[in-house]
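Here the structure comes first, spelled out in structure tokens, and everything after it is commentary.
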Amino acid sequence: MKPLIFSLACALFFTSSVFPQDWAKSRLNNSPRHGEWADIKSGDRTIKAFIVYPERKDKAPVVLVIHEIFGLTDWVRGMCDQLAENAVIAIAPDLLSGQTFADADAARKAISGLTKEQIQNDLDATSDYALKIPAGSGTLAVCGFCWGGGVAFTYANLNPKLKATYSFYGQTPDDPSKVANIACPVYGFYAENDERTNAGIPKAEELMKAAGKKYEPVIYKGAGHGFMREGEQPGASAANKKAREDAWARWKTLLKQLP
């Protein structure tokens, strides 16, 4: 992978100094795939996005990756690389571009302070950029984790160009208006030990069914919230590790179905 641009260090300050994920960074740095940073114009500001390309001879679908409440961490960038390993282009916008933080809690607070309008504008700008990537096939999907999982479900209702949504343990819609415009299937990945999130699944199933939309939630036995990250790091519990492996097996199959 090409060296990263170190001018982004302050934008990602909390990631490396307060929320270290050396295990994720090591895997990323040793990847044979090409990763790069892009500047994307979003309204009157510019955001940063991390892109990783698969090693393939033909054009690839693009998956928009929405980060956790901690921001664009090394793990999220590593997830982009793992998606590229599975033959898709992955692009993750830094929705906290230009901000610095003393600790992970400050980043969490900053995420909570983002307006719905800014989030949509940044995702729309990234989607437009993604659909113009020369190596892209013109197919766009979205995934998100934790906070980003809820945003991904919400964004499915806002972007009719999406061909699939993959929501990982994110908040679910609770009103018919929040699913009425969804034009793609939504695949949910949830942890058994995460009732805070799971309590909303039945309502989402009801709303999606009533609207004639496809929603397939799967709950992974014994896993806790954040199992895609927790199951990858050293010392992961057996349940989180298995949940991550099972979720990846399912996700790989779904990724292959992208047009």
Side-chain angles (χ1 to χ4, degrees), residues 1-42 45-56 60-101 104 107 110-111 114 118-119 121-136 140-149 151-152 155 166 168 228-229 232-233 251 255:
M1 178 167 289
K2 298 293 180 69
L4 303 185
I5 300 173
F6 289 100
S7 62
L8 295 172
C10 68
L12 299 173
F13 174 77
F14 83 94
T15 298
S16 58
S17 61
V18 182
F19 200 66
Q21 298 173 324
D22 293 340
W23 46 275
K25 183 183 292 185
S26 177
R27 186 189 189 284
L28 181 64
N29 288 341
N30 290 318
S31 170
R33 288 164 290 281
H34 176 80
E36 63 186 29
W37 291 98
D39 291 333
I40 298 176
K41 189 70 173 175
S42 178
R45 69 195 194 98
T46 299
I47 63 173
K48 297 289 186 180
F50 187 66
I51 310 173
V52 186
Y53 292 85
E55 294 182 316
R56 57 184 291 173
V62 182
V63 176
L64 172 61
V65 180
I66 306 177
H67 55 64
E68 298 172 295
I69 201 166
F70 303 111
L72 187 54
T73 59
D74 290 331
W75 176 75
V76 176
R77 295 191 303 118
M79 179 57 67
C80 289
D81 180 67
Q82 292 177 59
L83 280 165
E85 187 176 27
N86 285 281
V88 301
I89 299 169
I91 180 169
D94 180 4
L95 300 179
L96 294 174
S97 291
Q99 300 189 52
T100 59
F101 312 99
I111 286 280
L114 295 176
Q118 180 174 315
I119 293 171
N121 288 342
D122 288 353
L123 295 179
D124 284 346
T126 305
S127 295
D128 290 344
Y129 182 96
L131 287 170
K132 295 175 183 176
I133 293 175
L140 180 68
V142 65
C143 70
F145 304 87
C146 181
W147 174 85
V151 174
Y155 194 55
Y166 315 105
F168 289 81
M228 289 298 284
R229 170 172 42 80
E232 183 178 348
Q233 62 186 350
W251 200 9
L255 289 171

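Below, all heavy atoms of this structure are taken into account, side chains as well, without hydrogens, waters or symmetry copies.
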- Note on the structure: For His67 and Leu95, the nearest pair of non-hydrogen atoms, with its separation, is NE2-N, 3.2 Å
- Would you mind telling me which of Asp94, Asn121, Thr126 makes a side-chain contact (heavy atoms from CB on, under 4.5 Å) with Ile47? Thr126
- Do side-chain atoms of Glu68 reach the backbone of Cys146 as a donor and acceptor pair under 3.5 angstrom? no
- Does some side-chain heavy atom of Val151 sit less than 4.5 Å from a side-chain heavy atom of Leu123? yes
- Give the C-alpha distance, both sets of side-chain angles, the deciding distance and a yes or no for side chain to side chain donor-acceptor pair (under 3.5 Å) between Asp39 and Thr46. CA-CA 6 Å; Asp39 291 333; Thr46 299; over 6 Å; no
- Note on the structure: Hits for ring pair (Phe, Tyr, Trp, His ring centres under 6.0 Å) against Phe145, two or more places apart or cross-chain, chain-then-number order -> Trp75, Phe168
- Item | Pairwise distance CD1(Ile40) to CD1(Ile51) - rounded to 0.5 angstrom | 6.0 Å
- Item | side-chain hydrogen bond (donor to acceptor under 3.5 Å, both in side chains) partners for Tyr166, two or more places apart | none
- Message: Restricting to non-hydrogen atoms, name the atom on Pro93 and the atom on Val65 that form the minimum distance, rounded to 0.1 Å.
- Response: CD-O, 3.3 Å
- Task: Start with the C-alpha gap between Val62 and Leu131, add the side-chain angles, then the distance that decides, and say whether side chain to side chain contact (heavy atoms under 4.5 Å, CB included) holds.
- Result: CA-CA 8 Å; Val62 182; Leu131 287 170; over 6 Å; no
- Does a side-chain N-to-carboxylate-O contact under 4.0 Å join Asp22 and Lys25? no
- Note on the structure: Heavy atoms of Ala90 and Cys80 approach each other most closely as CB-O, 3.5 Å
- Task: Kindly compute the distance separating CD1 (Ile111) from CD (Gln99), expressed to the nearest 0.5 Å.
- Result: 8.0 Å
- Message: Minimum heavy-atom separation for Lys48 and Ser97, please, with both atom names.
- Response: N-OG, 2.9 Å
- Item | Worked check of side chain to side chain contact (heavy atoms under 4.5 Å, CB included) between Trp147 and Ile66 | CA-CA 8 Å; Trp147 174 85; Ile66 306 177; 4.1 Å; yes
- Value for CG (Leu64) from CD1 (Ile91), rounded to nearest 0.5 Å, stands at 7.0 Å
- Note on the structure: Residues passing the salt bridge (Lys or Arg N to Asp or Glu O under 4.0 Å) test with Arg27, sequence neighbours excluded, are Asp81, Glu85
- Query: What's the spacing between Asp128 CG and Lys41 NZ if we round to 0.5 Å?
  - Reply: 14.5 Å
- Should Ile133 and Tyr53 be marked as a side chain to side chain contact (heavy atoms under 4.5 Å, CB included) after you check the CA-CA gap, both sets of side-chain angles, and the distance that decides it? CA-CA 10 Å; Ile133 293 175; Tyr53 292 85; 3.8 Å; yes
- Note on the structure: Minimal heavy-atom distance between Pro54 and Ala84, with the atoms involved, is CB-O, 3.1 Å
- Could you tell me which non-hydrogen atom of Ala152 sits nearest to which non-hydrogen atom of Gly144, and how far apart they are? CB-N, 3.9 Å
- At what distance, to the nearest 0.5 angstrom, does CH2 of Trp251 lie from CD of Gln82? 8.5 Å
- Message: Using side chain to side chain contact (heavy atoms under 4.5 Å, CB included), reason through Phe70 and Arg229 one step at a time and then give a plain yes or no.
- Response: CA-CA 12 Å; Phe70 303 111; Arg229 170 172 42 80; 3.8 Å; yes
